[in-house]
Amino acid sequence: MFQRHETDILILGSGGAGLFAALHAARAAPSLRIAVAAKGLLGKCGCTRMVQGGYNAAMLPGDSVERHFMDTIAGGKWLPNQALAWRLCATAPERVRELENEVGCFFDREADGTLHGKAFAGQSFDRTVHKGDLTGIEIVNRLMEQVWAGPVERLEEHRALALIPAVDGAALAGVLFVDMRDGTFRFVGARAVLLATGAGPTMYRYHTPSGDKSMDGLAMALRRGVALRDMEMVQFHPTGLLAGTDTRMTGTVLEEGLRGAGGYLLDGAGRRFMLDYDPRGERATRDVVSRAMAAEMRKGNTTPNGGLHIQMSHLGPAEVRRQFKGMVERCADCGFDLAGGLVEVVPTGHYLMGGVVCDADTRSELAGLFVAGEDAGGVHGANRLGGNGVANSTVFGGIAGDTMAVWAADNGPREPDETVLEAEVARALHPFALAAGDLNALRERLYDAMWEDVGILRTAAGLRRATAALENLERELLETGLQEPRRAFNLTWHDWLNLRSLIEVSRAIALAALARENSRGAHYREDFADPGDLATSTFTVVRQADGALAVAHEPVAFSVVRPGESLIEGEAGAPPPAATD
Ligand SMILES: Cc1cc2nc3c(=O)[nH]c(=O)nc-3n(C[C@H](O)[C@H](O)[C@H](O)COP(=O)(O)OP(=O)(O)OC[C@H]3O[C@@H](n4cnc5c(N)ncnc54)[C@H](O)[C@@H]3O)c2cc1C
């Protein structure tokens, strides 16, 4: 029924988190076997490669870890897990030095040789280091070279299907895969498993993440009863390209640096509207800008394709071409002149702040399961700052590699629960026994339900409507089969599996959104517009038991700083400066 394979450290995903974990694990435990499995082609899949704008690290004169941390907490509306956020900000400079000095990346510099820090929205300091506007390609290409130079096993086009518990249920025993190229099922037993599949809210009509991402990791975690937090927190990036329905470029992102550099957002009549909503204008955080755009679009002052415009030409076309070469070319491919004219944009589903509950060493509550990158919850709270995404995946990927090396040295392999293994193979084969149906129609309905009712502006009535729609979609999917019976490279089968993961995780998002009766960051309830009391903030935790989802609220632990306080000297609530002699 399936092949069996063994390793010591198994990494799911080859983005920034997965590759950094492999690099660190190989260094920390050279005698252990390490395997990296990814749904796509290694180095070509996932979103880290797509990172445009850059990487937040407090390493320029005048900046500090405390300042980066306070921006992260304030941007996250006091919901982040502060231990995780602190670890992110404190480790990011070390990781950038590692990327440059050990991995071989080269980021843009000033004439005097210091790193160049770009302005990103919602930050009190221009700390986003970058390689032009194609930072991710630099990071992933160099990381890959380093990882593949070592003895790391590559499982390409291996789709993880299920986390398989040990026979005693006390820990994880490994992962069930299907080799997408020939359809073989393969169980890979491992002492430590890293979930780094990058989440990715691709269930929204407009979305930015790579097509290989369909929330598989979180769906697998839910099925094993692992807790997910902050699932209502889906980030919409304000400037998704809007180029009509005939191109897959629609929804792809135009980077944050455009607004940071002084770009204007205009309605269909050419009026700049952002200052009506926030004194920071276009440099307000993503949640604020996306909401303002949704409100303007609702008023009907839209562009030909139903969105809004971004204008950069007032900054000088030559300068725009120089600073944003990649973006100018991308827009030109779709018939827009970014440097000298107007480009149509729409808010687009970009990032999931929610994810698996874990500690600052990347341990989940399931022994043997570690989590890093976009699959992990808690670092960003209600809103992720631009530049904190790739920092998150590389910082915690490295930490996961170090932590797993220690765990795997101390914990031997475990026997898998064969009943679960067989049930999971049968689950994956489910659509082959059914008459073929229209998966595209189901996907379109999923896009609509999530965009209309679980998107930027939410109400209880809309969320209930979406929950009912998702239940119907799941039932219909389970009655829909495939055209072709072959398992080898059957992309329709993988589409079916993608849809199943997306619907399952969408239900968790809708449930958490219904449970949060206030508005924080990316989560905006028109019927509960108040943010609620910061000092008694809670976060949501969704768990699946006996096939049903349940949501709970847990108090935020203000372990570093409390609402009203600041770590920055001279700011309201700051501690008194240390005495000097
Ligand atoms: C267009 C775009 C631009 C961005 N720009 C920035 C930016 O400027 N700055 C910033 O900080 N952040 C940015 N981000 C966010 C950033 O890319 C992500 O936060 C980060 O790269 C996620 O890293 P990761 O390692 O968690 O996942 P990814 O890099 O997305 O990797 C996920 C991996 O998991 C694999 N996978 C998925 N499902 C399975 C499965 N079932 N089985 C096996 N493997 C699986 C994928 O194939 C892939 O290899 C951007 C995102 C996008 C989409």
Does the side chain of [X] pick up a donor-acceptor pair with the side chain of [Y] at under 3.5 Å?
X      : Y      : answer
Ser214 : Lys39  : yes
Arg49  : Ser210 : no
Thr128 : Asn56  : yes
Asn518 : Arg516 : yes
Asp533 : Thr536 : yes
Thr197 : Asp375 : yes
Ser519 : Asp530 : no
Arg159 : Asn498 : yes

Audit row: His207, Thr348, side-chain hydrogen bond (donor to acceptor under 3.5 Å, both in side chains) steps and yes/no | CA-CA 5 Å; His207 60 252; Thr348 179; over 6 Å; no
So does [Y] get a backbone contact from the side chain of [X], meaning a donor-acceptor N/O pair under 3.5 Å?
X      : Y      : value
Asp230 : Met233 : no
Thr252 : Thr208 : no
Glu256 : Phe120 : no
Trp493 : Leu429 : no

Minimum-distance pair of heavy atoms, taken over all atoms of [X] and [Y]:
X      : Y      : result
Met231 : Thr540 : N-OG1, 3.9 Å
Ala510 : Leu463 : O-CD2, 4.2 Å
Ala382 : Arg520 : CB-O, 3.7 Å
Val289 : Pro238 : CG1-CB, 3.6 Å
Ala162 : Arg224 : CB-NH1, 4.5 Å
Ser537 : Leu79  : CB-CD2, 3.8 Å

Between Phe236 and Tyr206, is the gap from one ring center to the other below 6.0 Å?
-> no
Run the side-chain hydrogen bond (donor to acceptor under 3.5 Å, both in side chains) check on Asp527 and Thr459 step by step: do they pass?
-> CA-CA 6 Å; Asp527 45 354; Thr459 61; 5.3 Å; no
Set of residues satisfying ring pair (Phe, Tyr, Trp, His ring centres under 6.0 Å) with respect to Phe396, sequence neighbours excluded | none
For Ile399, the option from Leu88, Asp361, Thr394 that meets side-chain contact (heavy atoms from CB on, under 4.5 Å) | Asp361
Within-4.5 Å side-chain heavy-atom neighbours: Phe187 and Leu421 = yes
Indicate yes or no: at least one non-hydrogen side-chain atom of Thr72 is less than 4.5 angstrom from one of Asn388.
-> yes
Criterion side-chain hydrogen bond (donor to acceptor under 3.5 Å, both in side chains) against Tyr351, the qualifying member of His380, His237, Glu374, Gln235 | His380
Identified salt bridge (charged side-chain N to carboxylate O under 4.0 Å, His left out) counterpart of Asp453 within the set Arg464, Arg458, Arg465 = Arg465
